[in-house]
Amino acid sequence: MLYIVATPIGNLKDITFRAIEVLKSVDLIACEDTRHTKILLDHYNISKPTTSYFQHNRLSKGEYLLSLLKEGKDVALVSDAGTPGILDPGFHIINLAIKNNISITVIPGPTAFVNALVVSGKPTHEFFFAGFLPNRTIARRNRLKEFAKEKNTLIFYESCHRIIATLGDISSVYGDIEVVVGRELTKKFEEIIRDKPAKIIEKFKKSPPKGEFVVII
Ligand code: SAM
């Protein structure tokens, strides 16, 4: 069985009893970053073999994991945060398992954008999750322009390096609209900011933004 196991997006307590049970029972845990996952495993006294499975080794390591699954081994897939497959490695091994008739199941848990969406106060009945915007300004603005016809709530992931630039682009493409920024959700410095892009930029210029972000429009 391939277990897709969701892990916390910050607060180590945000994990299910079943996720812990599964991580304790499998033969191998495939991690986006073994050092990162070790913190979680140590916290719950889980001592199981781990192996790295990430963007750049996904083809070769995917084949290796598939061979173990074919032998009848149980493998858990975890990412650095949240649900594997949501904008992190996972998609490839999940599809490899499906094509090879390997049993696959998911152990549900947090996903950053779902938590940001529910706490944003923006309509949740229909929404568009757009992942990460392009790094380059022109491409980013063009992508935002493409979304201009989107009537529903729009959600992006963003990093601390680009949040100010992205807010600037949101303002230049969509004007003075209200934006919700979820920062460091579930962590010590969690912040949910509801304001106009220019105001949020002003705040971040005074105190440089750190951590991880979800942007909701
Ligand atoms: N698999 C993850 C999930 O289920 O949400 C997403 C992985 S993606 C590579 C990482 C991005 O998710 C970060 O750059 C950030 O935009 C967002 N993210 C993850 N944890 C977060 C948190 N605690 N607060 C805000 N955003 C977070």
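Every value quoted in this text rests on a predicted model; they were computed, and no experiment measured them.
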Answer yes if Leu117 and Phe132 sit in the same cluster of Ile, Leu, Val, Met, Phe, Trp and Tyr residues linked by side chain heavy atoms under 4.5 Å apart, and no otherwise. yes

Leu133 with Phe213, same ILVMFWY side-chain cluster at under 4.5 Å: yes

The single option from Lys145, Arg162, Arg141 that satisfies side chain to side chain contact (heavy atoms under 4.5 Å, CB included) with Asp169 is Arg141

Minimum-distance pair of heavy atoms, taken over all atoms of Ile46 and Lys24: CG1-CG, 3.7 Å

Given Glu126 and Lys151, is the salt bridge (charged side-chain N to carboxylate O under 4.0 Å, His left out) satisfied, shown in steps? CA-CA 9 Å; Glu126 284 187 61; Lys151 295 278 185 287; over 6 Å; no

Quick one: are Ile4 and Ile104 in side-chain contact, heavy atoms under 4.5 Å? yes

Cationic N near anionic O, under 4.0 Å, Glu191 to Lys203: yes

Strictly below 4.0 Å, N to O, side chains only: are Glu184 and Lys210 in salt-bridge contact? no

When you compare the side chain of Thr37 with that of Thr7, does any pair of heavy atoms fall below 4.5 Å? no

More than 12 foreign heavy atoms under 6.0 Å from NZ of Lys199: is that the case here? no

Donor-acceptor contact present, side-chain Asp80 to main-chain Glu32, <3.5 Å: no

If we ignore hydrogens and angles and just use 3.5 Å, is the side chain of Lys73 paired with the main-chain N or O of Leu28 as donor and acceptor? no

Transitive ILVMFWY side-chain link Phe128 to Val114, under 4.5 Å: no

Taking Val214 as the starting point, is it possible to reach Ile192 by hopping between hydrophobic residues whose side chains are less than 4.5 Å apart? yes

Considering only heavy atoms from C-beta outward, does the side chain of Val179 approach that of Asp195 to under 4.5 Å? no

Is the Phe156 ring parallel, tilted or perpendicular to the Phe147 ring (thresholds 30°, 60°)? tilted

Out of curiosity, does Ile86 fall in the hydrophobic cluster containing Val78 (side-chain heavy atoms, cut-off under 4.5 Å, transitive links)? no

Could you check whether Thr34 and Thr50, counting side-chain N and O atoms only, form a donor-acceptor pair closer than 3.5 Å? no

